[in-house]
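Data block below; observations after.
Predicted model, so just to flag it, every value in this text is computed and none were measured. First listed ligand is number 1; within each ligand, the first listed atom is number 1.
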Amino acid sequence: MADGFNDRLRSAVVAGGGLLSRRRLLGSGLAVGGAAAANFSLAGQVRADPLVPEWATSAGEPVRGYGVPAIYEENVKRTLIKPYEDLAPGYSFSGTPLQYLRGTITPNGLHFEVHHGGRADIDPAAHNLFIHGLVERALRFDLAALERYPMVTHVHFIECAGNSFFNALMDEPMQAGCDMLHGLVSNAEWTGIPLSILLAEAGVDPRAQWVVAAGDDAPSLARSIPLEKAMTDGMLALYQNGERLRPEQGYPMRLLLPGYEGNMNIKWVSSLWLTESPAYTKDESGHYTEQLSDGTVLAFSFGMGVKSVITHPSATMTMSGPGLYQISGLAWSGSGAIETVEVSADGGQSWAAADLVAPVLPRAMTRFTLPWHWDGAPTVLMSRAVDATGARQPTRNAWKSRYAPTSGNHYNAIQSWRIGADGSVANVYA
Ligand SMILES: Nc1nc2c(c(=O)[nH]1)N[C@H]1C(S)=C(S)[C@@H](COP(=O)(O)O)O[C@H]1N2
Ligand SMILES: [Mo]
């Protein structure tokens with residue numbers, strides 16, 4: 001270990017590469033600025049004659065109707081991964097800059113977007129939701145009617161089935177940030193009406209097994225959803241983090257199917273058609289199926305797997321020299337809550353359990369953290385999550401051997417970041 005790695009830090013080591021126990025660090029009275037940690041303090045010394053900053057010498061700006069981030073945060077934006085013009089008109093997507101965010105809730109302006117035919121800007125006064133097919137009575141709901149129904153609020157992630165496809169498909173790891181590599185996932189507090197209430201009002205015919213949902217955008221994205229899922233925790237979401245859905249997220253209403261692949265969370269939803277069998281729409285017969293290495297094709301692979309990624313540090317960042325850091329990242333699973341996240345700072349030779357930041361909610365993002373003393377030597381950081389069902393993240397090799405070489409959906413392998421002696425952080429396959 002490097003000079004200055006004192007006894008207190010050594011006694012807090014929980015795994016190779018300098019991973020530390022937060023509890024043992026705190027127990028030893030070692031706060032970042034504490035006297036015992038003088039070598040590791042990140043705080044500046046207090047000046048004898050504090051200056052009054054210029055902005056404190058006159059009145060500030062007036063109030064404004066809708067707030068925006070500080071001008072110094074202008075780089076914190078969604079990253080355009082697939083521009084609008086590239087393929088079919090309107091097929092475009094942008095990633096959440098996970099590496100710039102803390103906590104677990106994605107701000108509304110940074111929620112990732114996947115549009116198959118561009119963003120639909122819908123006048124809510126002219127929008128209707130129809131429930132029809134195998135029901136006792138077909139119903140039409142406008143937004144004013146829906147506002148009078150009981151609503152629930154839940155925190156859930158949405159992840160595109162194609163998230164992390166660069167790592168799935170590229171032989172050489174792409175050097176890009178978490179926004180490009182893993183940004184097709186976001187997490188929000190959604191408020192809306194349980195589908196069970198709306199379906200019960202229409203009166204579900206006992207023959208109905210599926211709900212075929214379609215949206216009012218140009219490609220009329222449509223997916224068949226098992227009736228049981230819709231009745232269990234399906235939601236017609238109207239609000240996102242306390243305010244109305246953003247147009248990007250399906251304003252004025254979208255489906256929320258917790259834990260299911262992003263594609264099934266139909267935006268701008270206008271039709272719920274109850275049927276005996278799935279409709280085999282274009283969005284579930286060609287698109288959003290996965291070919292396995294033995295040639296068989298998986299269809300209706302609804303749930304997203306257990307996954308984690310270290311966001312701090314992550315590729316494109318630079319570490320500012322050896323010393324104490326807080327490793328931090330995100331974990332989520334479509335099957336339930338996150339049970340554990342383990343971190344390695346020595347390329348997978350040894351692992352330590354990270355602290356999970358409460359609340360740890362099912363089918364929602366969970367933040368994990370672990371203190372780390374980097375000795376300045378090159379190393380590889382990794383994280384691996386286990387969910388409440390016992391499912392664990394595969395290695396990239398294990399994942400690749402399961403799927404056909406051209407298959408990029410549902411990639412949830414362990415992410416490795418290589419730390420260089422110069423403090424650089426790179427995407428590596430390990
Ligand atoms: N009507 C409609 N719903 C849609 C889409 C779409 O293009 N049209 N994109 C789907 C896909 S592929 C994903 S991953 C999610 C993305 O949701 P978001 O844009 O709110 O992040 O919405 C799904 N719902
Ligand atoms: Mo998607």
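- Each of Phe165, Phe166, Tyr403, Trp399 was evaluated against Tyr411; a single residue qualifies, Trp399, per the ring pair (Phe, Tyr, Trp, His ring centres under 6.0 Å) test.
- Between Phe112 and ligand 1, a contact under 3.5 Å exists for at least one N or O pair.
- Below 4.0 Å from some heavy atom of Cys160 lie the following atoms of ligand 1, by number and element: 14 (S).
- Across all their heavy atoms, Ser335 and Asp387 have their closest contact at CB-OD2, 3.6 Å.
- For Tyr251 and Trp268, the gap between ring centers reaches or exceeds 6.0 Å.
- Using 4.0 Å as the threshold, Arg254 has a heavy atom nearer than that to some atom of ligand 1.
- Close contacts between ligand 1 and Gly262 involve ligand atoms 13 (C), 14 (S), 15 (C), 22 (O), 23 (C) [criterion: under 4.0 Å to a heavy atom].
- Shortest contact from atom 9 (N) of ligand 1 to any protein heavy atom: Val114 O, 3.1 Å.
- Proximity to His111 (heavy-atom distance under 4.0 Å) selects the following atoms of ligand 1: 20 (O), 21 (O).
- Looking at ligand 1, you won't find any N or O of Glu159 less than 3.5 Å from one of its N or O atoms.
- Between Thr104 and the options Thr366, Val155, Val357, Asn187, a side chain to side chain contact (heavy atoms under 4.5 Å, CB included) holds for only Asn187.
- Against a heavy-atom cut-off of under 4.0 Å, His115 is close to the following atoms of ligand 1: 7 (O).
- Each of the atoms 1 (N), 2 (C), 6 (C), 7 (O), 8 (N) of ligand 1 lies under 4.0 Å from some heavy atom of Asp217.
- The shortest side-chain heavy-atom distance between Leu356 and Thr369 does not fall under the 4.5 Å cut-off.
- Each of the following atoms of ligand 1 lies closer than 4.0 Å to a heavy atom of Glu248: 19 (O), 20 (O).
- In terms of protein heavy-atom proximity, atom 7 (O) of ligand 1 is closest to His116 N, 2.7 Å.
- Where the criterion is an N or O separation shorter than 3.5 Å, residue side chain and backbone included, Gln249 meets it with respect to ligand 1.
- Across all their heavy atoms, Thr96 and His111 have their closest contact at OG1-C, 3.7 Å.
- Counting protein heavy atoms only, atom 3 (N) of ligand 1 is closest to Lys267 N, 2.9 Å.
- Summarising the local packing, CZ of Arg148 is surrounded by 12 or fewer heavy atoms from other residues, nucleotides or ligands at distances under 6.0 Å.
- Met319 is listed as a side-chain neighbour of Val425, based on a closest heavy-atom distance under 4.5 Å.
- For the residues Asn265, Ile158, Asn263, Thr96, the heavy atom positioned nearest atom 10 (C) of ligand 1 is part of Asn263.
- Using a 4.0 Å cut-off between heavy atoms, Tyr288 contacts ligand 1 through its side chain alone, with no backbone atom that close.
- If you look at Trp268 next to ligand 1, the close heavy atoms, those under 4.0 Å, all belong to the side chain.
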*asked:* Quick one, Arg223 with Glu261, criterion salt bridge (Lys or Arg N to Asp or Glu O under 4.0 Å). Give me CA distance, side-chain angles, the key distance, then yes/no.
replied: CA-CA 11 Å; Arg223 291 291 308 254; Glu261 62 181 8; 2.8 Å; yes

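- The side-chain tip of Lys229 points at the ring of Tyr260 from less than 6.0 angstrom away and within 45° of straight on.
- Polar contact check, Leu221 against ligand 1: no nitrogen or oxygen pair lies under 3.5 Å apart.
- Across all non-hydrogen atoms, the minimal contact from Gly177 to Gln99 is CA-NE2, 4.1 Å.
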